[in-house]
2 protein chains.
Amino acid sequence: MSQQRHGSTPGNAPGDRAGAVTAFPDLPEATIARLPEYLRALHNLGEGGADTVSSEGLAAAAGVNSAKLRKDLSHLGSYGTRGVGYDVALLIEQIEYVLGLDQRRAVCLVGLGNLGHALAGYDGFASRGFKIVALFDADVSKVGEEIQGLTVRHIEDLGRVAVEENIAIGVIATPAGAAQTVADVLVDAGVTSILNFAPCVLSVPANVDVRKVDLAIELQILSFHEHRKASLTALPGGRSATAAGNQEAVGS
Amino acid sequence: MSQQRHGSTPGNAPGDRAGAVTAFPDLPEATIARLPEYLRALHNLGEGGADTVSSEGLAAAAGVNSAKLRKDLSHLGSYGTRGVGYDVALLIEQIEYVLGLDQRRAVCLVGLGNLGHALAGYDGFASRGFKIVALFDADVSKVGEEIQGLTVRHIEDLGRVAVEENIAIGVIATPAGAAQTVADVLVDAGVTSILNFAPCVLSVPANVDVRKVDLAIELQILSFHEHRKASLTALPGGRSATAAGNQEAVGS
DNA sequence: CGCGATTTGTGCACACCTTCACAAGCGCCT
DNA sequence: AGGCGCTTGTGAAGGTGTGCACAAATCGCG
Ligand SMILES: NC(=O)c1ccc[n+]([C@@H]2O[C@H](COP(=O)([O-])OP(=O)(O)OC[C@H]3O[C@@H](n4cnc5c(N)ncnc54)[C@H](O)[C@@H]3O)[C@@H](O)[C@H]2O)c1
Ligand SMILES: NC(=O)c1ccc[n+]([C@@H]2O[C@H](COP(=O)([O-])OP(=O)(O)OC[C@H]3O[C@@H](n4cnc5c(N)ncnc54)[C@H](O)[C@@H]3O)[C@@H](O)[C@H]2O)c1
C-alpha cells in the first residue's frame, strides 16, 4: 500500500482504445510488489544455468504460491509455454521492461551519516539497474567528502544537479526532523519518487510516490508476534525447538 | 504479508474458554502493521503537549484514513471517549502492551559490514524498546572489534550467548549467500524472530517469523511507477510541477 | 501421427481489507 | 436539566488479493 495514491482515476482514456500504447494493463499493486522478487529468483536461476523454469520452481525460489505466481505473470501478458514453463531470459527481459529497469535510473542520496554511508557503499544499487549519481548533505563539514568516487555536495545544489543529471528517485537518510524539508526540496527539483528511511510521514503532491523503510516498525511487528507466541506458550511445555528443518537455500 | 504464516490454526484453545488469558483477539495483520506508526505519531503528539487526540488528528499524523484508524483501535478494545477523542498516554500504554514493548527485547545483529556498522550505531533501537545485546560476524578480523560498547563475537558463540542473553530477535546483515546459514544458526539457538536485510528468501520452521527489508525491491517498485508515470506523460505537455504544496510536517 | 504427461492460464469462491455513513455516547453550555 | 455539537465505534458495501481446481495447450515419444 505504501502511502501514496498514484495515478488519478485510471479510467480508460477515451479515444485511442485501439493501440494500447498508453498506460499499463494496470497491474495490481500486490503483483508489482512481487515482481522484483521474481526477478531476483530468475537471475539466480539463470546464473545456475537454467533455460526454463516451471511456475512451481520459480514460485519456490521466490517464496510464494505457484498459482499466485502464474496469475501475476499472466497479468503482464507473459509468454509461458504450457507443458514446459517460462523461458528464463525472456521472462527477465519482460519483467525488467515492465519495471522500467531497461533504462538505468538516476538516484540521489540525501544525508550522509551512518546510514547514508552504508547506502552509498552498497553495490546492490548498480547491480539492479540504479545508479547513484549524487550525494547531498546539509552539514558543511561533510560537503566535499569523497565517497565511492562521488563528492558530497551541499543540498542547496540539489535543484540544479537534479535537472542536470535527470534524477528521478531520491533517497532520504536524514534525521526525521529534516526529512520533510528534504522531501520538499526533492519535489521542487522535479523528483517524483522518494524512498524514505527517516521514521516519519512525508506529505507530498499526489504525483509523487513515496515508499518508506522503517526498521523500528519491522522490529515492533516482530515484537508483537513474539508477544503473541509467548502468550500461547503459556500452556505447552517449553519449546519443541524444531531446529534443523530447512530446505533449499536460494543462491548457489 | 511478509512471508511467514505465523500461528497454526488460531482455533480457540479447547478448555479454558473462560478467562481470555491466552491469546490475543487475533488482530488483523494489516492492523498490527500500522500500530507502530500510530505509536510514533502518539509519541510525537505527547511530546507536543497534547493530552488527547481525535481519530481525525491521529490519523492525519499517521498518514491514514480516520475510519481505518478507529477500526484498528477498536480491534484492541481501545478506550476512546466519544465527543472527546483518545487519551494519548493511555493509548500509548495500550499499544505498547499489545506490541509487547513493555518488556525490552534483546536483539542480536549478525554481519558487521557496511550495513551492520550503521545498524549497530543506530539509536532507533534503544528508543523504541529494543536493545542490541550482541554482535556476531564470521570474519575473524572483525571479531574483537568494539562497536558502541559491544564487542563483536564469533558466530560460533551465538548459540551460547543467545541463551544467556535470552535473545528473541536476530537481525541478519550478511551477504545473501550466507543468510540462510545464519538463519539456521539463529533458529538453532532458539531465536524465533528474524529481520533479514539480505536480498534472498529464507526458509525457516513455521514457528519462526521472518520479515525482510530489501532496498532493491523498494527502488524497483518506485521504478515501475516512474515508468508508468512517464508513459502517461507522453501526451500532456511537460510537467506541471506542482512543487510547493505540502502541509503539516510530522515532528515538532 | 496420436497419446499421455506436463504445465500454463483462469474461473470461481472465499477471506481480508478499506471506506462510507450513521447511530450511540459524551461533555459542555446555557 | 436539557439540548447541542462533536467524536467514537461499527454495520454494510465494495474492492482487492488469494488459492483451488481444472480446462486448454504444448511437447516428446513410441
Ligand atoms: N543508522 C541506521 O542504521 C538507521 C537505520 C534505520 C533508519 N535510520 C534512519 O535514517 C536516518 C539517518 O540515520 P543516521 O544514523 O545515518 O543519522 P546521522 O545523524 O548519522 O546522519 C544524518 C545525516 O543527515 C544530514 N542532514 C541533517 N539535516 C539535513 C538536511 N536538512 N539536509 C541534508 N542533510 C541533512 C546530517 O548532516 C547527517 O550527515 C534517521 O532518520 C534514522 O532514524 C537509520
Ligand atoms: N550496505 C547497504 O546499504 C545495504 C543496504 C541494503 C541491503 N544490504 C544487504 O545487507 C547485507 C550486508 O551488506 P553490507 O554492505 O554490510 O555487506 P558487507 O560485505 O560489508 O558485510 C557483510 C558482513 O557479513 C559478514 N559475514 C559473512 N558471512 C558471514 C557468516 N556466515 N556469518 C556471520 N557473518 C558473516 C562479513 O564478515 C561482513 O562483515 C547484504 O546482503 C546486502 O545486500 C546492504
Side-chain angles (χ1 to χ4, degrees), chain A residues 1-7 9-11 24-35 37-38 42 45 50-88 90-91 94-95 221, chain B residues 1-7 9-11 24-35 37-38 42 45 50-88 90-91 94-95 221:
Chain A
M1 61 91 175
S2 309
Q3 59 239 61
Q4 207 61 26
R5 170 123 311 105
H6 344 291
T9 44
F24 274 93
D26 65 327
L27 308 181
E29 266 304 298
T31 293
I32 74 160
R34 281 186 294 263
L35 290 181
E37 200 73 61
Y38 302 157
L42 283 165
L45 290 168
D51 280 346
T52 62
V53 230
S54 68
S55 64
E56 203 76 41
L58 182 52
V64 303
N65 180 303
S66 70
K68 198 189 312 200
L69 178 133
R70 286 198 299 276
K71 188 157 291 187
D72 282 342
L73 295 185
S74 78
H75 278 133
L76 44 90
S78 154
Y79 288 36
T81 310
R82 298 178 186 216
V84 177
Y86 298 90
D87 183 287
V88 173
L90 179 64
L91 196 48
Q94 282 264 329
I95 295 180
I221 292 172
Chain B
M1 58 94 174
S2 310
Q3 59 240 63
Q4 207 61 24
R5 171 122 310 106
H6 342 292
T9 44
F24 274 93
D26 65 326
L27 308 180
E29 267 302 302
T31 294
I32 74 160
R34 280 186 296 263
L35 290 181
E37 199 72 62
Y38 301 158
L42 283 166
L45 289 167
D51 280 345
T52 62
V53 230
S54 68
S55 64
E56 203 76 42
L58 182 52
V64 302
N65 181 305
S66 71
K68 197 188 314 198
L69 179 134
R70 286 199 298 278
K71 187 152 289 187
D72 282 342
L73 295 185
S74 78
H75 278 133
L76 43 90
S78 156
Y79 288 36
T81 310
R82 297 177 187 221
V84 177
Y86 298 90
D87 182 287
V88 173
L90 179 64
L91 196 49
Q94 283 264 328
I95 295 180
I221 293 172

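Below, chains carry the letters A, B, ... as their sequence lines are ordered, and counting in each starts from 1.
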Find every protein N or O atom lying less than 3.5 Å from an N or O atom of nucleotides 6-10 of chain C, and list the pairs.
unit_1: C/dT7; atom_1: O4'; unit_2: A/G83; atom_2: N; d: 3.1
unit_1: C/dT7; atom_1: O2; unit_2: A/G83; atom_2: N; d: 3.4
unit_1: C/dT8; atom_1: OP1; unit_2: A/S55; atom_2: N; d: 2.4
unit_1: C/dT8; atom_1: OP2; unit_2: A/S55; atom_2: OG; d: 2.6
unit_1: C/dT8; atom_1: O2; unit_2: A/R82; atom_2: NH1; d: 3.2
unit_1: C/dG9; atom_1: OP1; unit_2: A/S78; atom_2: O; d: 3.4
unit_1: C/dG9; atom_1: OP1; unit_2: A/G80; atom_2: N; d: 3.2
unit_1: C/dG9; atom_1: OP2; unit_2: A/Y86; atom_2: OH; d: 2.6
unit_1: C/dG9; atom_1: O4'; unit_2: A/R82; atom_2: NH2; d: 3.0
unit_1: C/dG9; atom_1: N7; unit_2: A/R70; atom_2: NE; d: 2.9
unit_1: C/dG9; atom_1: O6; unit_2: A/R70; atom_2: NH2; d: 3.2

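Atom CG of B/L91 and atom P of D/dG9 are 10 Å apart (whole Å). Computed from coordinates, the B/L58 CG to D/dT8 C1' distance equals 13 Å when rounded to whole Å. Straight-line distance from the CD atom of B/E29 to the C1' atom of C/dT18: 17 Å, rounded to whole Å. Atom CG in B/L76 sits roughly 13 Å away from atom C1' in D/dG9 (whole-Å rounding). Taking atom CG of residue B/D87 and atom P of nucleotide C/dG27, one finds them 13 Å apart after rounding to whole Å. Distance A/L69 CG to D/dT18 P: 12 Å, rounded to the nearest Å. Taking atom CG of B/L90 as the reference point, atom P of D/dT8 lies 14 Å away to the nearest angstrom. Following rounding to the nearest Å, A/R34 (CZ) and D/dG17 (P) show an atom-to-atom distance of 8 Å.
B/Y79 and B/D87 share no side-chain donor-acceptor pair at under 3.5 Å.
When all heavy atoms are compared, the tightest approach of B/L58 to B/V53 is N-CG1, 3.8 Å. Nearest heavy atom pair, residue B/S55 against residue B/Y86, reads CB-CE1, 4.0 Å. Residues A/L27 and A/H75 approach most closely at CD2-O, 3.8 Å, considering heavy atoms.
Listed for the B/S54 side chain is a donor-acceptor partner under 3.5 Å among the backbone atoms of B/G57.
In this structure, B/N65 does not reach the C/dC17 phosphate: none of its side-chain N or O atoms is under 4.0 Å from OP1 or OP2.
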With a 3.5 Å cut-off and sequence neighbours excluded, list the donor-acceptor pairs that the side chains of residues 59-69 of chain A form with protein atoms.
unit_1: A/N65; atom_1: OD1; unit_2: A/A67; atom_2: N; d: 2.6
unit_1: A/N65; atom_1: OD1; unit_2: A/K68; atom_2: N; d: 3.4

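For B/K68, the side-chain atoms get nearest to C/dT18 when compared with the rest of C/dT18, D/dT18, C/dC17.
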